2 protein chains.
Amino acid sequence: MAARPANPRMAADIIEAAATLVEEFGPEGITMRMVAERIGYSATTIYLYFKNKEQLLDETVNRAYDWFAEALERAQTGTTAPERIRQGAHAYVAWGLANPGMYRLMFEWGYLGDISEDAIFARRAGWRRTRNVLERGVEDGAYRPDLDSALAADTIWVGVHGLTSLAISGRMFGNPGVADPAVVNARSHQLADALADSWESAWRPGLGAS
Amino acid sequence: MAARPANPRMAADIIEAAATLVEEFGPEGITMRMVAERIGYSATTIYLYFKNKEQLLDETVNRAYDWFAEALERAQTGTTAPERIRQGAHAYVAWGLANPGMYRLMFEWGYLGDISEDAIFARRAGWRRTRNVLERGVEDGAYRPDLDSALAADTIWVGVHGLTSLAISGRMFGNPGVADPAVVNARSHQLADALADSWESAWRPGLGAS
DNA sequence: TATCTAACTTAACAACGTTTACTGACAGGC
DNA sequence: GCCTGTCAGTAAACGTTGTTAAGTTAGATA
């Protein structure tokens with residue numbers, strides 16, 4: 001019935017369909033047949049472009065990491081380190097709340113497959129940026145000179161991930177399920193500020209170590 | 001082949017089997033047939049005691065919440081509020097790292113089903129205890145008098161959950177997969193202390209609001 | 001002894017990820 | 001202008017999943 005490169009961007013289209021469906025039905029709701037139907041092919045066709053479902057989702061996640069990193073970069077327009085840290089934290093949570101299905105696939109979905117070293121490196125781009133911002137903050141005197149930038153970057157990541165993860169899961173606001181998005185958003189914003197406050201207090205210069 | 005209450009504790013046994021298998025194979029690895037085989041019955045028997053897989057896992061999670069709450073309670077032996085907060089944070093992370101499969105099922109597995117109000121209340125026992133400790137800390141002068149205990153309890157939860165979640169996922173230590181448990185443990189401990197430090201700095205009295 | 005019922009199983013369903021075997025349509029060589 | 005190979009895609013099937021429907025069997029009751 002078919003022949004010759006009907007669509008040279010086939011792999012990209014499959015990934016795009018997968019990304020859309022992950023967002024619509026969550027990581028647990030996506031099936032190969034659904035992805036196939038969305039691009040107008042049969043399920044077996046996907047296997048011509050991807051080894052299996054795991055690899056398809058891995059590559060979908062890789063692309064999502066790029067979007068995510070771009071969103072974080074765009075948000076950090078401030079001139080001081082504490083300003084940029086705050087902007088990054090807010091942008092992180094905002095992206096997660098806007099893309100909960102993809103966020104869960106990226107950060108909570110089982111253990112990692114055999115992804116490449118390059119992919120690992122790419123996925124840590126945000127962390128490296130955070131660390132750089134922190135080091136510039138130390139140089140500028142905004143943070144304590146003895147601040148461990150790797151530990152601090154991990155602390156920030158832990159905080160924003162915890163907030164995003166709990167907000168998405170709907171477990172944080174007293175009631176199960178996803179509460180009113182406006183409430184979730186307001187509370188998440190408040191919490192992100194509380195986290196930023198506590199970091200700044202702990203890392204302010206002149207207070208002595210730890 | 002069988003007849004009359006062969007086992008009056010059937011439901012409890014099924015839950016126990018499910019809990020063991022969740023820990024061994026993770027939330028995504030457990031199947032009804034596996035649970036059935038473990039208790040020596042056929043898969044359909046489970047449906048005599050539970051409506052479906054979701055309800056079985058819900059009740060399994062309910063029991064796990066009790067264990068979890070007990071572990072947190074046992075750990076908080078200190079006399080001052082900051083001490084108890086620190087102990088609670090460490091116990092939280094330690095429990096998650098010791099029971100990663102169950103932890104993921106409890107806090108990251110899809111959205112919540114239609115669990116009862118009682119179950120919701122029970123699942124928030126740890127949060128309430130944290131809030132009480134914080135309020136006692138305010139009364140004792142260990143924390144700022146204007147500390148918002150609900151916000152602070154959420155902040156703590158967000159921190160320890162983020163740490164536990166990322167540590168379990170194996171995404172935090174540069175390499176994918178679950179790294180050397182000793183490394184994960186040491187880094188998690190260090191991070192838990194960093195979190196506690198930042199909270200205490202931000203909530204110390206006499207520094208002015210936020 | 002006959003009947004009822006609780007407790008459990010076997011067989012089957014649709015849907016899942018995945019594999020195998022197939023079907024066309026085009027390209028190049030003769 | 002035809003043969004042949006290969007590429008792109010599909011249909012059918014496999015084993016496994018959660019779940020349901022239809023038995024089956026052992027003990028209690030009449």
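Both backbone and side-chain heavy atoms feed into the values below; hydrogens, waters and symmetry mates do not. Chain naming here is simple, since letters A, B, ... match the order of the sequence lines and numbering starts at 1 in each. In this text the structure is predicted, and so the values were computed from the model without any measurement.
As a whole-Å value, the separation of A/I14 CD1 from D/dG9 C1' is 12 Å. In this structure, the NZ atom of A/K53 is 12 Å from the C1' atom of C/dT18, given to the nearest Å. Rounded to a whole Å, the CZ atom of B/F25 is 15 Å from the P atom of D/dT16. The nearest whole Å value for the distance from the CD atom in A/E37 to the C1' atom in C/dA15 is 13 Å. In this structure, A/R33 atom CZ and D/dT10 atom P are separated by 13 Å, rounded to whole Å. Atom-to-atom, CE of B/M10 to P of C/dA6 comes out at 16 Å; the value is rounded to the nearest Å. Note: CD (A/E28) to P (D/dG18) measures 15 Å, nearest angstrom. The CG-P distance, from A/N7 to D/dG9, rounds to 8 Å in whole Å.
Counting non-hydrogen atoms under 4.0 angstrom, B/I30 reaches the backbone sugars and phosphates but no base.
Near DNA chain D, meaning a heavy atom under 4.0 Å from it, residues 41-52 of chain A has A/Y41, A/S42, A/T44, A/T45, A/L48, A/Y49 in order of number.
Residues forming a side-chain hydrogen bond (donor to acceptor under 3.5 Å, both in side chains) with B/E200 (at least two apart in sequence, or on another chain): B/R86. Judged as a side chain to side chain contact (heavy atoms under 4.5 Å, CB included), and not counting sequence neighbours, the contacts of B/F25 are B/L21, B/M34. Scored by the side chain to side chain contact (heavy atoms under 4.5 Å, CB included) test, A/A75 finds A/A91 as partners (sequence neighbours excluded).
Within the structure, salt bridge (Lys or Arg N to Asp or Glu O under 4.0 Å) contacts touching residues 148-167 of chain A (residues at least two apart or in different chains) are A/D154-B/R187.
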Report, one line per pair, each donor and acceptor closer than 3.5 Å where one atom sits in a side chain of residues 11-20 of chain A; sequence neighbours left out.
unit_1, atom_1, unit_2, atom_2, d
A/D13, OD1, A/R9, NH2, 3.2
A/D13, OD2, A/N7, ND2, 2.6
A/T20, OG1, A/E16, O, 2.9

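Under the 30°/60° scheme for interplanar angles, the aromatic rings of A/F107 and A/H161 are found to be tilted.
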